[in-house]
Trainee: 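Questions regarding the structure given below will be posed in turn.
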Amino acid sequence: MANQKHLNILNRGVGHWNEWRKENPSIQPDLSSANFSEKELMRINLSGANLSKTIMSGAHLTSAKLTRANLTEVDLTRAICLRANLSESNITNALCTETNFSMANLTNININNTVLMKSVFINANLTNAILNDSDLTASVFLGAKLIKATLNNVRLMGSNLMGLI
């Protein structure tokens, strides 16, 4: 369950949240099981945050910092993660259908047993990413970097892999 103090700070706005993060760099935010559906979270700093079981469907996470975040069982359906930094994050048993990860930093990310159907990874960096047992059916990877990525038991039927690096 989310830390109520952390939720209260975030509810005051992204600017207030980011300032609090600067002043409290050693605190690992706990926003688990919170509902951020359709929320404007552009440029938010959620690095190292516990976001497990969080509902972020339709959230606007453009240019958000989510490095080393725990995104286990998160719902990112139709979220906009354009230019977001999710490097070294853990996305396991999650639902990310129709999510836009275009130009996102997904290096060293761990994605296991996750549904990413119809998601967009245009020019995304997935270097050293681990994507195991996930469903990427009908996803778009135009110009994406999958250098040294691990894709074991991944479903890619109908996906666009043109320009893949």
Side-chain angles (χ1 to χ4, degrees), residues 14 17-18 21-22 25 28-29 31-32 36-165:
V14 171
W17 173 265
N18 287 344
R21 289 299 308 267
K22 283 181 191 174
Q28 182 180 2
L31 300 168
S32 58
F36 299 119
S37 293
E38 307 294 329
K39 192 132 176 130
E40 292 289 336
L41 300 170
M42 294 171 54
R43 291 180 291 283
I44 193 164
N45 182 355
L46 292 170
S47 296
N50 180 3
L51 298 164
S52 63
K53 300 182 182 178
T54 300
I55 300 170
M56 301 177 100
S57 57
H60 293 260
L61 293 156
T62 298
S63 299
K65 294 178 186 174
L66 292 147
T67 55
R68 297 174 313 283
N70 177 1
L71 295 157
T72 302
E73 297 182 45
V74 70
D75 181 353
L76 279 167
T77 303
R78 294 179 313 283
I80 300 169
C81 299
L82 186 71
R83 292 185 306 277
N85 186 348
L86 289 105
S87 63
E88 300 179 39
S89 292
N90 181 30
I91 302 178
T92 303
N93 300 319
L95 182 60
C96 302
T97 304
E98 298 180 25
T99 302
N100 187 344
F101 292 105
S102 293
M103 296 178 278
N105 180 354
L106 303 166
T107 58
N108 300 302
I109 196 166
N110 186 13
I111 301 175
N112 289 301
N113 198 35
T114 293
V115 178
L116 294 139
M117 293 173 61
K118 299 181 182 178
S119 289
V120 180
F121 296 89
I122 295 172
N123 295 319
N125 187 349
L126 290 125
T127 300
N128 294 317
I130 298 172
L131 295 101
N132 293 328
D133 303 306
S134 294
D135 189 349
L136 292 149
T137 301
S139 291
V140 179
F141 288 90
L142 293 172
K145 292 180 185 176
L146 282 161
I147 300 165
K148 295 185 180 178
T150 303
L151 292 94
N152 292 318
N153 198 30
V154 172
R155 288 168 292 293
L156 290 163
M157 190 176 358
S159 291
N160 185 335
L161 305 173
M162 291 191 62
L164 202 61
I165 298 173

Trainee: For Phe101, give me all partners under ring pair (Phe, Tyr, Trp, His ring centres under 6.0 Å), at least two apart in sequence or on another chain.
Mentor: Phe121

Trainee: Ser63 versus Arg43: any side-chain heavy-atom pair under 4.5 Å?
Mentor: yes

Trainee: Which heavy atom in Arg83 sits nearest to a heavy atom in Thr62, and how many Å separate them?
Mentor: NH2-CG2, 3.6 Å

Trainee: Do other residues, nucleotides or ligands put more than 12 heavy atoms under 6.0 Å from Arg155 CZ?
Mentor: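 More than 12 heavy atoms, drawn from other residues, nucleotides or ligands, come within 6.0 Å of this atom.
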
Trainee: Excluding sequence neighbours, so at least two apart, what forms ring pair (Phe, Tyr, Trp, His ring centres under 6.0 Å) with Phe36?
Mentor: none

Trainee: Which residue, Thr99, Thr137, Val140, forms the side-chain contact (heavy atoms from CB on, under 4.5 Å) with Ser119?
Mentor: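 When side-chain contact (heavy atoms from CB on, under 4.5 Å) is applied between Ser119 and each of Thr99, Thr137, Val140, only Thr99 qualifies.
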
Trainee: Between Ser57 and Ser37, is the side-chain hydrogen bond (donor to acceptor under 3.5 Å, both in side chains) condition met? List the steps.
Mentor: CA-CA 5 Å; Ser57 57; Ser37 293; 3.2 Å; yes

Trainee: Measuring from Lys53:NZ to Ser32:OG, what's the distance to the nearest 0.5 Å?
Mentor: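 Reported to 0.5 Å precision, the distance equals 8.5 Å.
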
Trainee: Drop me the distance from Leu86's CG to Ile91's CD1, to the nearest 0.5 angstrom.
Mentor: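 Going from CG on Leu86 over to CD1 on Ile91, the span is 5.5 Å.
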
Trainee: If you define the side chain from C-beta out and look only at heavy atoms, does anything of Leu131 sit under 4.5 Å from Leu126?
Mentor: yes

Trainee: Check Ala84 against Leu61 and note the closest heavy-atom contact, atom names and distance.
Mentor: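 Heavy-atom minimum between the residues: CB-O, 3.7 Å.
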
Trainee: Could you check if a side-chain atom of Asn125 sits within less than 4.5 angstrom of a side-chain atom of Thr107, using non-hydrogen atoms only?
Mentor: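 Touching, per the 4.5 Å side-chain cut-off.
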
Trainee: Pick from Leu95, Leu136, Asp135: which one makes a side-chain contact (heavy atoms from CB on, under 4.5 Å) with Met117?
Mentor: Asp135

Trainee: State the CD1-CG distance between Ile80 and Leu82, to the nearest 0.5 angstrom.
Mentor: 8.0 Å

Trainee: Say you draw a straight line from CG of Leu51 to OG of Ser89; how long is it, rounded to the nearest 0.5 Å?
Mentor: 8.5 Å

Trainee: Could you tell me whether the side chains of Thr97 and Thr77 share a donor-acceptor contact shorter than 3.5 Å?
Mentor: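 No.
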
Trainee: Work out which heavy atom in Leu71 is nearest to a heavy atom in Ala94; give both atom names and the distance.
Mentor: O-CB, 4.1 Å

Trainee: Can you tell me how far the CD atom of Glu40 sits from the NE2 atom of His60, to the nearest 0.5 Å?
Mentor: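 Here the rounded value is 4.5 Å.
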
Trainee: If you take all heavy atoms of Ala129 and Leu106, which pair is closest and at what distance?
Mentor: CB-O, 3.8 Å

Trainee: Any donor and acceptor pair, going by atom type alone, linking the side chain of Ser159 with main-chain N or O of Phe141 inside 3.5 Å?
Mentor: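 Not a single qualifying donor-acceptor pair exists.
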
Trainee: Consider only side-chain N and O atoms of Asp133 and Asn153, and report whether a donor and an acceptor are under 3.5 Å apart.
Mentor: yes

Trainee: Does a donor on one side chain sit under 3.5 Å from an acceptor on the other, for Asn113 and Asn93?
Mentor: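 Judged by distance alone, the side chains do pair up.
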
Trainee: Looking at every heavy atom in both Met56 and Leu76, which two are closest together, and how far apart are they?
Mentor: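 Result for this residue pair: CB-CD2, 3.7 Å.
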
Trainee: So do the side chains of Ser52 and Asn70 get within less than 4.5 Å of each other, counting heavy atoms only?
Mentor: yes

Trainee: Assess the side chains of Thr114 and Ser134: does a donor N or O sit below 3.5 Å from an acceptor N or O?
Mentor: no

Trainee: Would you check, one step at a time, whether the test side chain to side chain contact (heavy atoms under 4.5 Å, CB included) holds for Leu161 with Leu146?
Mentor: CA-CA 10 Å; Leu161 305 173; Leu146 282 161; 5.7 Å; no

Trainee: Would Thr72 and Thr92 count as a side-chain hydrogen bond (donor to acceptor under 3.5 Å, both in side chains) here? Give the steps.
Mentor: CA-CA 5 Å; Thr72 302; Thr92 303; 4.8 Å; no

Trainee: How long is the span from the CG atom in Asn85 to the CD1 atom in Ile109, to the nearest 0.5 Å?
Mentor: 9.5 Å

Trainee: Can you name the nearest heavy-atom pair linking Ser47 to Arg21, along with the distance?
Mentor: O-NH2, 2.9 Å

